[in-house]
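This is a predicted model, so every value here is computed, not measured.
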Amino acid sequence: MPDPVVLLGPGRSFTTIAAGMLGQHPQHYGMPELNLALGDTVGEFLAMTMGGRNGLAHGIVRAMAQLEFGEVTARGVEEMRAFLHANRDMTTRELMAALQDMVAPKAIVEKSPAIAADAHFPFRQEQILPGAKYIHITRHPMSAGRSMIDAKWYTMILRSPVGDSWDRRTDPPVLDPQVHWFEAHERLLNFLDTIPADRQMRLRGEDLLADPDTWLARICGWLGVDTGPAAIEAMKHPETSPFARPGPQNAQWGGDPSYQDNPALRPYTIKPERLSGPLPWREDGVGFADHVIEMAQFFGYEDGGPAQGG
């Protein structure tokens, strides 16, 4: 069986479309956002997700319902929530192992941007899905920041204690997504420093969307799964996933709401983006902090977009 795959990146970094594509490979099973790294046990996970009822828990109950019943209905979702409450002492690693057994011989593909919200979460993810291969997805901080601000639901995350994105260099502090972008990637880089090089890949999301045929084949070659034209074509249709669209009213999400409105792969052209100059979401003329520019350059970005040959 292929190795499971975990995509890492903050929200609004193309992780949803990337996971959606890889999840449609014939040897993979693409999951919604499971967020199991929020707790060591099911009980801890429930405590972090309002008893399994807020958006962070929609993915796991949808996945369980789909695998148990072959479809996701409101009744099936409630039955799976009841199962979680009845098995509060089960570890999240045991729950993930049960999911992997249910999809075998396919391998799980999963992404949960909430993993990047706490320094401990990526390490717990490694315990939950040991031996997984990690794909670190990046996006230019300018377009990522603009996307975070434009998505009103994501702005709420930036304002929350979890997404704390206030630039405190000013008085009063200014909401600035570059804070979120940098801190999330810093946590992920610190985690990936502990993972063997042969189990990780870094990928600019812009490159994947601009040339999916080349990059999907390259990724599949690294993962050791089929790189044939039928497999590549299947991955170019993420909209065929049972989790690509909103679920029933009691578990609508499990992924990026904006993506679920239109999950098809669309033509993409890399647009020039700046690392210098004032930021469009601020009114004080401030630009990117030096450490943000340094990290972006480390990822291969420069004024004008991604550097060539990445």
Side-chain angles (χ1 to χ4, degrees), residues 1-9 13-34 36-37 59-60 62-63 66-67 70 93 95-113 115 122 125-139 188 191-192 195-244 254-256 259 263-266 268 310:
M1 188 170 68
D3 296 316
V5 183
V6 176
L7 284 81
L8 299 174
S13 296
F14 304 125
T15 56
T16 302
I17 183 66
M21 287 192 283
L22 291 176
Q24 292 310 108
H25 188 282
Q27 292 171 264
H28 289 158
Y29 190 92
M31 291 287 183
E33 294 176 10
L34 301 179
L36 291 181
I60 183 62
R62 286 185 66 180
Q66 179 69 36
L67 292 172
R93 177 171 178 167
L95 180 55
M96 182 72 85
L99 296 177
Q100 180 62 84
D101 287 344
M102 294 178 79
V103 305
K106 294 184 177 182
I108 283 175
V109 174
E110 203 254 331
K111 67 97 185 179
S112 296
I115 290 174
Q125 179 68 32
E126 170 70 3
Q127 297 169 2
I128 292 172
L129 202 55
K133 288 191 172 179
Y134 294 95
I135 302 177
H136 181 195
I137 305 286
T138 67
R139 183 177 183 176
L188 296 177
F191 164 68
L192 289 169
I195 300 298
D198 63 350
R199 288 178 51 208
Q200 60 175 288
M201 167 188 282
R202 183 167 300 117
L203 172 65
R204 293 186 306 223
E206 296 94 340
D207 293 337
L208 173 62
L209 295 184
D211 189 2
D213 291 276
T214 296
W215 281 97
L216 288 173
R218 190 176 299 184
I219 294 167
C220 290
W222 174 68
L223 292 172
V225 296
D226 184 9
T227 60
I232 301 300
E233 184 62 27
M235 289 188 290
K236 290 164 65 177
H237 294 280
E239 72 278 4
T240 59
S241 166
F243 310 115
D256 185 329
Y259 167 80
L265 180 65
R266 299 180 293 279
Y268 180 87

Indicate every side-chain donor-acceptor pair of residues 24-32 with a distance under 3.5 Å to a residue at least two apart or in another chain.
from : atom 1 : to   : atom 2 : distance (Å)
Q24  : NE2    : T240 : OG1    : 2.8
H25  : ND1    : Q27  : N      : 2.9
H25  : NE2    : D226 : O      : 2.7
Q27  : OE1    : D226 : N      : 2.8
H28  : ND1    : L22  : O      : 2.9

Please list, one pair per line, the donor and acceptor atoms closer than 3.5 Å that link side chains of residues 130-138 to other protein atoms, with sequence neighbours excluded.
from : atom 1 : to   : atom 2 : distance (Å)
K133 : NZ     : W222 : O      : 3.2
Y134 : OH     : E126 : OE1    : 2.6
H136 : ND1    : R202 : NE     : 3.2
H136 : NE2    : H185 : ND1    : 2.9
T138 : OG1    : Y301 : OH     : 3.0

Exercise for the section: Test side-chain contact (heavy atoms from CB on, under 4.5 Å) on L95 and I60 and set out the steps. Expected result: CA-CA 10 Å; L95 180 55; I60 183 62; 4.2 Å; yes
List the atom of [X], the atom of [Y], and the distance in Å for their closest heavy-atom pair.
X: A264; Y: E239; answer: CA-OE1, 3.7 Å
X: I17; Y: P238; answer: CD1-CG, 3.7 Å
X: L7; Y: K111; answer: O-CB, 3.5 Å
X: R93; Y: I128; answer: CG-O, 3.8 Å
X: I195; Y: Q200; answer: O-NE2, 2.9 Å

Problem - side chain to side chain donor-acceptor pair (under 3.5 Å) involving D213 - partner list, sequence neighbours excluded - result: K236
Problem - Set of residues satisfying side chain to side chain donor-acceptor pair (under 3.5 Å) with respect to S112, sequence neighbours excluded - result: E110
If you round to the nearest 0.5 Å, how far is [atom2] of [Y] from [atom1] of [X]?
X: L34; Y: R62; atom1: CG; atom2: CZ; result: 11.5 Å
X: T214; Y: I219; atom1: OG1; atom2: CD1; result: 11.0 Å
X: L129; Y: Q125; atom1: CG; atom2: CD; result: 6.0 Å

Do [X] and [Y] have side-chain heavy atoms sitting under 4.5 Å apart?
X: L223; Y: D3; answer: no
X: L8; Y: V6; answer: yes
X: Y268; Y: F14; answer: yes

Exercise for the section: Take R139 and L209 through the test side-chain contact (heavy atoms from CB on, under 4.5 Å) and record every step on the way to the result. Expected result: CA-CA 11 Å; R139 183 177 183 176; L209 295 184; over 6 Å; no
Practice task
Look only at the side chain of S13 and the backbone of T15, and say whether a donor-acceptor pair between them is shorter than 3.5 Å.
Solution key: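 Looks like no, no N/O pair under 3.5 Å.
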Scan the side chains in residues 99-107 for donor-acceptor partners under 3.5 Å anywhere in the protein, sequence neighbours excluded, and list what turns up.
from : atom 1 : to   : atom 2 : distance (Å)
Q100 : OE1    : I108 : N      : 3.3
Q100 : NE2    : K106 : O      : 2.8

Exercise for the section: List for me each residue that meets salt bridge (Lys or Arg N to Asp or Glu O under 4.0 Å) alongside E206, sequence neighbours excluded, and say none if there are none. Expected result: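 Scan of E206 (salt bridge (Lys or Arg N to Asp or Glu O under 4.0 Å), adjacent residues dropped) gives none.
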